[in-house]
Each structure stands twice: as structure tokens, then as C-alpha cells.
**Student:** 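Mind having a look at this structure? Questions to follow.
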Amino acid sequence: MRSSFVALLTDFGTEDGYVGAMKGRLLDLAPHIHVVDISHEIEPYNIRQAAFCLNNSYKHFPEKTIFVVVVDPGVGTPRKGVIVETSQHIFIGPDNGVFSFVCRSEGYRAFEIKMDSLGEDIAPTFHGRDVFSRVAAWLANGRRMTNNVNPLSQLSTFLKPMQQISDREYRLEIFHVDHFGNLILNLHQDDCLKLEAIADPGIRYKKLELKGVRQTFGDVDEGAFLLTWDSSGFLQVALNKGRAAKKLDAVVGDAVTLFG
Amino acid sequence: MRSSFVALLTDFGTEDGYVGAMKGRLLDLAPHIHVVDISHEIEPYNIRQAAFCLNNSYKHFPEKTIFVVVVDPGVGTPRKGVIVETSQHIFIGPDNGVFSFVCRSEGYRAFEIKMDSLGEDIAPTFHGRDVFSRVAAWLANGRRMTNNVNPLSQLSTFLKPMQQISDREYRLEIFHVDHFGNLILNLHQDDCLKLEAIADPGIRYKKLELKGVRQTFGDVDEGAFLLTWDSSGFLQVALNKGRAAKKLDAVVGDAVTLFG
Amino acid sequence: MRSSFVALLTDFGTEDGYVGAMKGRLLDLAPHIHVVDISHEIEPYNIRQAAFCLNNSYKHFPEKTIFVVVVDPGVGTPRKGVIVETSQHIFIGPDNGVFSFVCRSEGYRAFEIKMDSLGEDIAPTFHGRDVFSRVAAWLANGRRMTNNVNPLSQLSTFLKPMQQISDREYRLEIFHVDHFGNLILNLHQDDCLKLEAIADPGIRYKKLELKGVRQTFGDVDEGAFLLTWDSSGFLQVALNKGRAAKKLDAVVGDAVTLFG
């Protein structure tokens, strides 16, 4: 029941040494593990970006991988610290929505970490090191946490049902702008299949209208926009060999109309 | 014939989880390997920068290290995916020039990956995860790829012969501006030795003229320019305790005159 | 006496391949080690930031961890390269102050690396690869370095005694601005306890006056400033759910008054 891999996802950057402190703590308590960086460049406090990044990554990791996710604007307040177990993986972090996609996609059991049971000094501003990394190392060592957790029936999520705005139209939003300027929309291919009104997806955004989902960037001319499913199954607006976000002056949160 | 180390070089950034997906896939298929980050901060689509970065790194790695290089503006188009084997190392990535320096320096055998032989879902926008990481894991496991590749006689390269502009002058260009603002020129020490016209290298660039190659930054005063061989053997223009690129307003692609 | 972990801290960025070269060299000479990234995003030449980052990280790492710290504006000049041994850890890098906090907190033995004893080509601009990584790999392999070092009685430090400006006032400065915009001041909790004039610390900076040290961000309203001990024990000025540095237009080096 020991874990070999602990994957880290934070908004800490690396230059202050906070990530180094977490790695040191993990390796000190569980020297057999391999620490794997997912990212430390999440925008500070951006819970949605962290959830998106985690969703793109976690499914591909080996069974028993432990994910430590620390994007935690509420550190030091009474927000909960949680352990989430799915059939394949274990997730540790604050209960603030960072696990929204995990909970939507997977069956899970959740537990609240009893902070006052950890029995050591805990810096109130650095649970990443003193709570989440410590718990991850214990779990990686196969330690049972019975005395340190309480069952938790429900986890925080920021996902909401899509808003229908007419017979054949839904309101989407730009959920994420990725490193290449692609606009990721809050519609997963699986969910789209369930929308009877949407046979062949199209979108309208500002002066742009796109109809039909392409296989890949090369299906349109250089400099042309296209609609495609991203590599995790979300609808995205892309620009072949260019940055869609820049050309459209698009930002996260902008409304996009989906039509059928 | 198993490999212990898989080194990654991409232009993905880390914040979207694409690198995380690659690491997960690699460790899921080959849990014995150590994944080593070279960089994920290559400028998007900058093939030359990736080739330069790879060239600075790969020679120092242990035998059998596998390098997965994914700077891939042509993903989803018919550009080839390749495996390149030298006497020491294995390289995997798109055939778009990222291996230009490897091919110039080393004897090699190249193979084209038969995409339709991989027998699983391949996201057309993410060969980094579904093609190159998968192939890297298979090779790390010692699997023979006979049915998955075709021999390839020639690889893409962006390297061109130097242009002679007079008896004792050649046209160079600024090939790369590094993290410290040093200007790396497209002339390797080994190639310079073969130029009979150039006994003692000098360069002219804008109003700057430098003659003679120094050992190190400290050989000139603080704030003075110098010419030196960089740590991989390329000619570079540097500024002791300063940023040459900023002071000279220099950008990649600018022409520089080499004189003898 | 072998070491399993070698942790890296540089100002190289990753995009040039210099860090890749160091990792390759380390793994080539000591394939059993795990290379752990602390950071490569230290501001170029910023020795104080590197020292701060190291201080936040090193204490948490396992015994025998080797830290290779290369923020080295003087590379190629006669500045010394050093090995610093404490009861728990080993540190390798230039003797320019990057180990200031280590030396203040720990008993240590220091050694100067005899550059001309290393017996191989050393690029004068890249001791990170050719000196410090090589020495780290040797030490990780348990090699005795007797012939390669000389004892060194004292290490460079940038730490100075605090300046008292009145009966109950000291002059502090902003030592570091972290990823979240918190202002770290050059006063450690342990040192503050020794100041008889300061019973209950307060600070004045520009128009801001704060009295009393809080436990955590949530102890004040959103958008309010607070004084707290950071997770390594330094006094910091923070802004709950905001960036103190931005709101105060504060930069490293600014003077702050401590009063009792």
C-alpha cells in the first residue's frame, strides 16, 4: 500500500524556497518516493487554473500516485484540509474547489484532516509544508490515518450547470487561456453529447462565428480560427500557428455562445 | 538495454498540465525511470532555441538517456515523428530541426515513427503525450520497435553553411540570446579552426568591434564587452556584469560580421 | 557516507540548457542520486535572494543532502569555490554570501576547492557544470576530497548587525519580496527575542504603522495589512488576500523602522 510517486502542484513559484521546503519535508519523511513537479507556476490564488491543470495531468499517472495541490488563498482560516481517494489516486490539499474536476469525473471518498491531531508545530501560513506534505509522506509510507481524519460527505466545487439561453443556445465561458493562447471553454465532449439541442457544435464570440469541430490545427489555413476538442476533451477556440487569445483580445470569464 | 533516464524538453510551460500529462504517461508505462526536466520554458514554437538548449545539455547525460523534445508547431500535420539513435543517446520528437545540432555532431541512425501502428487513441493536438512519451516509455522498457518504425535517411536541419562576404570576412548571425543577455553567434570553435582566413577572430556589430577571444568575463573591466567561447563552444558577445543584449539592443537574427 | 539527494539552486533559468548540462553531469558521474530542483528562477546575480531561498528550504531536507548553489556573478574571477559541511548537510558553490544564513544558523566546517586539482577541462564561464556539479557527484559517491580542498576559516556573508536608531527603535530593511508580494524584513524571531527594547514588535514604513504580530492572514480583514512571522521565522508585512508590495510600492532595500 506504499506509494512511489508524489506529484506537486502549487502557485508558489520556486524562487522563495517554499517548494524546496515541501520537497525537503517529503523526502525527509518518505525517502523512497519520487517527487514529480506538475507545476509551481499557477497564477497566485487561481483555483480554477489549478483544477484545470490537475485535470489535464492526473489521469495519466500510475495507480497510487499522491497529488499534493496547494493553491490556498484561505490558508490560516477555518477552510478544511482534505484527503480525496479515488479508485486510482489520492489527492491532498485545501477544500476550496481545486478538486472540482476530480469529483465530477470519479467516484471518491473524502476525509477532513484533523489539524489539531498532527501533533507538531504547524506554521499558520504554510500548510503546504507542515500539513499537506507531511500527510502525503505518511500516506506514501502506508500509514493509516484513522486518528487524523474525519469522513467528509461533500467537497467544494466551482462547477455549475450550463445555462440554456434559447432553444438551441447555451451560455459558455472562457474557462482557461493556455500557454499557446488557446481558449478553453467549459464544455466537455462527454457533456456535449448529452445536449440534444446541439447536433453539431458552433460558437459565437465577439465577431467570430465558428461551426463544426475540427480534428486538428492543420485542418484550417495558417492564421485561421478553428474549434476543436482539446487533449482533455474540452471545447477550445484555437488559431492555427497563432495566439487566439491575443487576436481576439480574450480573457478568462468572457461569455461565449454555444449553438447547435 | 533498458534506460534509466528520460529527459524532457518542451515549449509547454507547466501551468496547463500538459507536462504533467507527459510525466504521468511516462511513469505509468515505465515506473522504473527517472524523469528529468531540461526545460519547459522554450519560447512557444521556437525550434532553434530548443535545438540550442538540447545541444548544451545532452552531451553530459549518461549513456542510454532518452531525450523527448516536443517543440512542435506542426503537430497534427503530416510532419514526421522520429527516433534518432547515436552511439550514446536516443532522441524522440518531431522532425522539424530540433535535432539539427545532434545530427551535425554525431553519427546517427534515424527512424520515422509509424503513427498508425501505435494502436491507441492519439489526440491530434498532443503527440507529446500520446506518441512521443509512449514511444519513450517503450524504449526505456527495452521494447524493440521494429513494427513501429521505418528507417529514415535524412533529418530536417536549419543549419546552413556560413556565408563568406569577402576575403577575410564571414556573415554570422545572432543565434540565441541567453538568460544573462549574452549573444550566442552561429560559429562553433571547431568550425572556426577550419577557417584559414580567420586566424584571430574578431566581430563587428553595429558600432561595436571586438578583436580576440577572451578566456572569461573577468578578463575585461566591469561594463566592458568581450568575445569568448561559450560553455558549449560557440562564439559569444558578452558584457562583464551586464546584459549585452540590452546594451546593444540586439535581437536574434541580427547579422554580425566575422573578420580574421 | 553516500548521498541520495542533490538539490539544485541557480539563477540560470532553464531555457538555455545550462541546468540540463548540470543534471546530465551529475547523473553521469553519480547515477544513483536523485536530483531535486529547488529553483532556477533566482533573479540573475541576486545572491541575497538565493540565500533566502536556500534558507527556506535546506533545513527540511534529509541528512546528507548535498546542495549545489550557483548564483555566481564572479565566475571566472579569483573568487573561491567552497564546500560547507554542517552536522546535517553539505553545501557547494561560490563563496560570495549565498551561504550567509547557513553559517549564521549552524556550526560548520568550510573548505576551499583547489580548482587546479580537478584535473579536467573547466570552462571558465561555467563552474556550475565543471566544478560544482562534479564535486557534488564525487561527494555523493562518498569520495574523499582531501587532495582537492584546503580548509577555509571564514566564509563570505552579507549579514550585518542591526542598526539601533533610538532607545526603542531599530532600522530594518526589506530583505525580499516573495511570490505573493509579502515584504520579508531582516529580523528573525529568535533575534527579536533578544532585543530588550522590543517587547511587542511594531513597524513603520511610509504611511503604514503596524503594531503587534498576528498569527495568520485571516486574523485581519481582507485588504488589511498585518505583521506576522513568516514560515521561516522572519518578520513580514503582508496584505490579506492582496499584494503588500504593490499596494505600498515597496522594493527590496527600502528602510523600515522597528519599534518596541
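Fair warning: this is a prediction, and the values are worked out from it, not measured in the lab. Each chain gets a letter, A, B and so on, in the order its sequence line appears, and its residues count up from 1.
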**Student:** Tell me if a side-chain donor or acceptor on A:Arg129 pairs with a main-chain N or O of C:Ser231 at a distance below 3.5 Å.
**Tutor:** yes
**Student:** Can you confirm whether more than 12 heavy atoms, excluding those of C:Lys246, are under 6.0 Å from its NZ atom?
**Tutor:** no
**Student:** Decide yes or no for C:Phe180 and A:Asp11: does some side-chain heavy atom of the first lie under 4.5 Å from some side-chain heavy atom of the second?
**Tutor:** yes
**Student:** Answer yes or no: does atom CD of C:Gln189 have more than 12 heavy-atom neighbours from other residues, nucleotides or ligands under 6.0 Å?
**Tutor:** yes
**Student:** Please check if the number of heavy atoms outside A:Lys80 that lie under 6.0 Å from its NZ is greater than 12.
**Tutor:** no
**Student:** With a sphere of 6.0 Å drawn around NZ of A:Lys114, does it hold more than 12 non-hydrogen atoms of other residues, nucleotides or ligands?
**Tutor:** yes
**Student:** Heavy-atom distances under 4.5 Å only: say whether C:Asp219 touches chain A with side chain, backbone, both or neither.
**Tutor:** neither
**Student:** Which atom pair, heavy atoms only, marks the closest approach of A:Pro124 to C:Gln215?
**Tutor:** CG-O, 3.0 Å
**Student:** Determine whether more than 12 heavy atoms belonging to other residues, nucleotides or ligands lie under 6.0 Å from atom CG of A:Asp249.
**Tutor:** no
**Student:** Rounded to the nearest 0.5 Å, how far apart are OG of C:Ser4 and NE2 of A:His32?
**Tutor:** 13.5 Å
**Student:** Measure distances from C:Tyr58 to the heavy atoms of chain A and classify the residue's part below 4.5 Å as side chain, backbone, both or neither.
**Tutor:** neither
**Student:** Give, for atom CD1 of A:Ile122 and atom OG1 of C:Thr216, the distance between the pair rounded to the nearest 0.5 Å.
**Tutor:** 12.0 Å
**Student:** Could you list which of residues 12-30 of chain A have a heavy atom closer than 4.5 Å to any heavy atom of chain C, in residue-number order?
**Tutor:** A:Phe12, A:Gly13, A:Thr14, A:Glu15, A:Asp16, A:Gly17, A:Tyr18, A:Gly20, A:Ala21, A:Lys23, A:Gly24, A:Arg25, A:Leu27, A:Asp28
**Student:** Side chain, backbone, both or neither: which part of C:His179 has a heavy atom under 4.5 Å from chain A?
**Tutor:** both
**Student:** Any idea which of C:Gly218, C:Pro62, C:Gly181 has the most non-hydrogen atom pairs under 4.5 angstrom with chain A?
**Tutor:** C:Pro62
**Student:** Just verifying a value: how many Å separate C:Arg214 CZ and A:Thr125 OG1, rounded to the nearest 0.5 Å?
**Tutor:** 15.0 Å
